[in-house]
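First up is the structure itself, then whatever we jot down about it.
This is a predicted model, so every value here is computed, not measured. Quick note: residue numbers are just sequence positions, from 1. Note: hydrogens, waters and symmetry copies are ignored here, and every other heavy atom, side chains too, is used.
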Amino acid sequence: MREFVMVTARYLVYGCLIVLLAQLIKWDASQAEGDLKFSEQSYTEACQLVLLLFSSLLLWHIYRQSKAYGYVALLMMGLTATSLVREMDDPFDALFDGAWQITAFSVAAWVIFTVYKNRHTFLSQFFRFVSTPSFGMFLSGIFTTYIFSRLIGRKVFWQAVMEEQYFRAVKNASEESTELYGYLLIFIAVLELTYYHYRSKAQNQSGLSTDLADELQGKKLQNFSV
């Protein structure tokens with residue numbers, strides 16, 4: 001019953017975050033006019049940066065602290081950190097042309113090298129990670145942000161929908177709001193992983209191995225479902 005209450009409470013919070021996100025997008029639509037809606041200077045874009053920043057910081061913390069999910073968190077951070085750099089391409093390119101590409105590829109290269117060097121530990125952590133809700137949520141965020149939002153935001157699609165009344169702001173709104181929702185799913189996945197990190201840490205401090213603790217947790221959920 002305690003586990004049921006914890007799960008329910010967490011997902012109610014996540015539902016509230018989604019509602020707040022939808023309200024932010026609605027409010028942002030009224031803050032500009034014409035093609036300036038959902039531009040690079042919009043609140044929707046700013047919220048994307050905030051979600052990516054906090055996701056990256058939490059994942060870095062897990063990487064530094066967790067023996068159960070450390071290298072998985074590092075790989076996830078490689079994605080969120082490079083996405084953050086990509087979203088900030090204008091400030092980086094203000095330094096010199098190509099600055100964001102060099103920064104993003106440098107981060108990605110270091111993450112891939114570190115994970116590969118510790119690949120055996122990573123694989124054991126990854127198979128543990130797959131059994132958590134965070135894995136499915138993270139994949140959903142990736143599919144939403146990097147696949148669906150790109151496809152739904154195609155100019156040719158919205159030209160076919162609106163025909164002679166084509167309005168670029170509608171295309172921007174669909175793409176940027178869907179992308180923001182995907183980043184929120186990734187952030188929720190990071191929150192879930194943070195929860196499992198601290199749960200695993202508490203179990204280890206109480207003398208249970210991580211594998212045994214996961215097995216006991218699985219039996220509890222199985223008994224609850226019966």
Notebook entry, point to check: Would a distance-only check, ignoring hydrogens and angles, find a side-chain to backbone donor-acceptor pair under 3.5 Å from Arg199 to Tyr196?
Noted result: no

Notebook entry, point to check: Do Asp28 and Gln31 come within less than 4.5 Å of each other through their side chains, counting heavy atoms only?
Noted result: yes

Check: For Asp90, does the CG atom sit with more than 12 other heavy atoms under 6.0 Å from it, leaving out its own atoms?
Finding: yes

Item checked: Interatomic spacing from CZ in Phe138 to OG1 in Thr80 - rounded to 0.5 Å -> 7.0 Å

Notebook entry, point to check: Can you list the other members of the hydrophobic cluster that holds Phe105, where links are side-chain heavy atoms under 4.5 angstrom apart?
Noted result: none

Margin query: Less than 3.5 Å apart, any donor N or O on the side chain of Tyr183 or Ser55 sitting next to an acceptor on the other?
Written below: no

Margin query: Strictly by ring-ring contact (aromatic ring centres under 6.0 Å, His included), give each pair with a member in residues 7-48 just once, sequence neighbours left out.
Written below: Tyr11-Tyr14, Trp27-Tyr43

Checklist line | Criterion side chain to side chain contact (heavy atoms under 4.5 Å, CB included) against Ser66, the qualifying member of His61, Lys201, His197 | finding: His197

Note to self: Could you tell me if the side chain of Tyr146 sits less than 4.5 Å from the side chain of Ser83, heavy atoms only?
What the structure shows: yes

Note to self: Tell me the closest heavy-atom pair linking Val111 and Met77, and the distance in Å.
What the structure shows: CG2-CE, 4.3 Å

Check: When rounded to the nearest 0.5 angstrom, what is the spacing between CD in Glu40 and CG in Asp89?
Finding: 6.0 Å

Next item on the list: Take Glu192 and Met137, measure what side-chain contact (heavy atoms from CB on, under 4.5 Å) needs, and give me the verdict at the end.
Entry: CA-CA 9 Å; Glu192 280 289 294; Met137 193 72 70; 5.7 Å; no

Checklist line | hydrophobic_cluster_shared for Ile112 and Leu84, side chain cutoff 4.5 Å | finding: no

Next item on the list: Is it possible for you to say whether Phe143 and Leu185 belong to one hydrophobic cluster, with membership spreading through side-chain heavy-atom contacts below 4.5 Å?
Entry: yes

Check: Is a side-chain N or O of Gln125 found less than 3.5 angstrom from the main chain of Gly70, in a donor-acceptor match?
Finding: yes

Next item on the list: Mind jotting down which residue pairs meet the side-chain hydrogen bond (donor to acceptor under 3.5 Å, both in side chains) criterion with at least one end in residues 152-162? Sequence neighbours excluded, please.
Entry: Trp158-Ser174

Notebook entry, point to check: Does the pair Leu193 and Met76 meet the rule for a side-chain contact (heavy atoms from CB on, under 4.5 Å), with working shown?
Noted result: CA-CA 11 Å; Leu193 184 61; Met76 293 168 65; 3.8 Å; yes

Next item on the list: For Thr82 and Leu79, indicate whether the former's side chain and the latter's backbone hold a donor-acceptor pair under 3.5 Å.
Entry: yes

Next item on the list: Answer yes if Ile62 and Leu139 sit in the same cluster of Ile, Leu, Val, Met, Phe, Trp and Tyr residues linked by side chain heavy atoms under 4.5 Å apart, and no otherwise.
Entry: yes

Margin query: Between Ile152 and Val156, is there shared hydrophobic-cluster membership here, with clusters defined by ILVMFWY side-chain heavy atoms closer than 4.5 Å?
Written below: no

Margin query: Do Leu95 and Leu49 sit in one hydrophobic cluster, given that two such residues count as connected whenever their side-chain heavy atoms are within less than 4.5 Å of each other, even indirectly?
Written below: no

Notebook entry, point to check: Do the non-hydrogen side-chain atoms of Ile102 and Phe92 ever get within less than 4.5 Å of each other?
Noted result: no

Check: Mind checking whether Thr194 and Tyr198 have side chains closer than 4.5 Å, heavy atoms only?
Finding: yes

Next item on the list: Please lay out, stage by stage, how Leu151 and Phe157 fare under the test side-chain contact (heavy atoms from CB on, under 4.5 Å).
Entry: CA-CA 8 Å; Leu151 295 176; Phe157 169 69; over 6 Å; no

Next item on the list: Begin with the C-alpha distance, continue with both residues' side-chain angles, and end with the deciding distance and a verdict on side-chain contact (heavy atoms from CB on, under 4.5 Å) for Met88 and Trp100.
Entry: CA-CA 8 Å; Met88 298 178 64; Trp100 80 263; over 6 Å; no

Notebook entry, point to check: To the nearest 0.5 Å, how far apart are OG1 in Thr145 and CG in Leu52?
Noted result: 8.0 Å

Next item on the list: Supply the atom-to-atom distance Leu17 CG to Tyr181 OH, rounded to the nearest 0.5 angstrom.
Entry: 11.0 Å

Check: Between atom CD1 of Ile25 and atom OG of Ser30, what is the distance when rounded to the nearest 0.5 Å?
Finding: 12.5 Å

Next item on the list: Please examine the side chains of Leu184 and Ile18, heavy atoms only from C-beta on, and report whether any two atoms are closer than 4.5 Å.
Entry: yes

Checklist line | Ser134 versus Ala189, closest heavy-atom pair with distance | finding: OG-O, 2.6 Å

Next item on the list: Would you check if the distance from the ring center of Trp60 to the ring center of Tyr63 is below 6.0 Å?
Entry: yes

Notebook entry, point to check: Looking at Thr121, Thr114, Asn118, which hits side-chain hydrogen bond (donor to acceptor under 3.5 Å, both in side chains) with Tyr71?
Noted result: Asn118

Notebook entry, point to check: In Å and rounded to the nearest 0.5 Å, what is the CD to CD distance from Glu87 to Glu45?
Noted result: 5.5 Å

Item checked: More than 12 heavy atoms from other groups under 6.0 Å of CZ on Phe96 -> yes

Check: Is it true that atom CZ of Arg119 has more than 12 heavy atoms of other residues, nucleotides or ligands lying nearer than 6.0 Å?
Finding: yes

